[in-house]
Amino acid sequence: MKILVGVKRVVDYAVKIRVKPDRSGVVTEGVQHSMNPFDEIALEEAVKLKEKKIATEVIAFSLGGPKSSEVLRTALAKGADKAIHVQVSDDEAAKLESFHVAKALQKIVEHEKFDAVFLGKQAIDDDSSQTAPMLAGLLDWPQALYASKVEDGGSGHMKVTREIDGGLDTIKVKVPFVLSADLRLNEPRYATLPNIMKAKKKPLKAIPIKDLGIDITPQTETIEVTEPPVRQAGGFVEDVSALVAKLKEKGFVKA
Amino acid sequence: MGKEYPGGAKWFHDRLKLAFSKNKDVQDPAQIEQLIARGEFVVKEIEALYSLRKYRAMKQRYYEKDEEVSLATQKFEESVEKL
């Protein structure tokens, strides 16, 4: 089984996000970036399947600006065999939508034969969680979203346990399929220094977006980005009667 | 290894250097082995710290409310069943 794993370069999870003064987006210049944590989980699962000999090859994919190659190197250090970087400029990358990513993945999958595409359930920057279902739709493949466990289901199937509201859902999907990883699927490994060094020699193919023939004109427009409202500080009351009086004053308790 | 450390890479690096220089006079091979094993243990601990930190951050951002809600509905359903 040949697995394609989508990874996205996002602002690091530990960074405090700041909104640009003109409210057009968030500050990304001079901010630490890393691989989307959910993509890390998807990658880890693909590498684990390779270690279990269920998968034969793991190929990392990223659509983004020039610096996306950094996360692809990280992916290679964590166990991917090859990487594909579909290049756009930084300005274009800021306006990319899930649909464009799904389209790019579709082209790559149609070009080289893959048996599965693993993606994170959502990216921690735009939180849209649309890429996986859109890709499944475009390819007309079955989908296993929000996976928390992946097993071999026998006879060309995979058994996937999904996290849904109020419980777990176990499904059998026919290979080829699209999977999106949930948080509890596994614990991603840390890239060791020797593996980081080895990753520098692994093949990373760069393809300009033009060569795939995808139109990346934005279909949505960002009107405004604002910070969440700041929580108002509470006050202290001296005793119970003061509290009751305050509650009555505000109308929370009937007088 | 120290790049992601909560106190910053410099803070981490200074402590690391200190830890090494503290044992620079150790000559006994057995003790050196022991210290290397300890170093490897610390590396593992830090890796675990990083992954736990990330896991917790994700859980707090994306899951806590869901779980509270489902716990509340579960409680509600149970109380309904009792009636």
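First the proteins, then the strands, lettered A, B, ... as listed; each starts at 1.
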With rounding to the nearest 0.5 angstrom, report the CE to CD distance, B/Met58 to A/Gln122.
9.0 Å
Counting only non-hydrogen atoms closer than 4.5 Å, does [X] touch chain B with its backbone (N, CA, C, O), its side chain (CB onward), both, or neither?
X	answer
A/Asp127	side chain
A/Ile124	both
A/Gln32	neither

Please find out if less than 6.0 Å separates the ring center of A/Phe38 from that of B/Tyr62.
yes
Could you check whether atom [atom1] of [X] has more than 12 heavy atoms from other residues, nucleotides or ligands sitting under 6.0 Å from it?
X	atom1	result
A/Lys149	NZ	no
A/Lys95	NZ	no
A/Lys20	NZ	yes
A/Ile223	CD1	no
A/Glu57	CD	yes

Heaviest contributor of heavy-atom pairs below 4.5 Å to chain B, chosen from A/Asp12, A/Ile41, A/Leu183, is A/Leu183
State, with a plain yes or no, whether a side-chain heavy atom of B/Arg53 is found less than 4.5 Å away from one of A/Tyr13.
yes
Any chance you could lay out the side chain to side chain contact (heavy atoms under 4.5 Å, CB included) test for B/Tyr55 and A/Arg184, step after step, and finish with the verdict?
CA-CA 9 Å; B/Tyr55 177 83; A/Arg184 291 179 192 84; 3.8 Å; yes
Determine, for A/Arg189 against B/Glu47, whether the closest basic-nitrogen to carboxylate-oxygen distance falls under 4.0 angstrom.
no
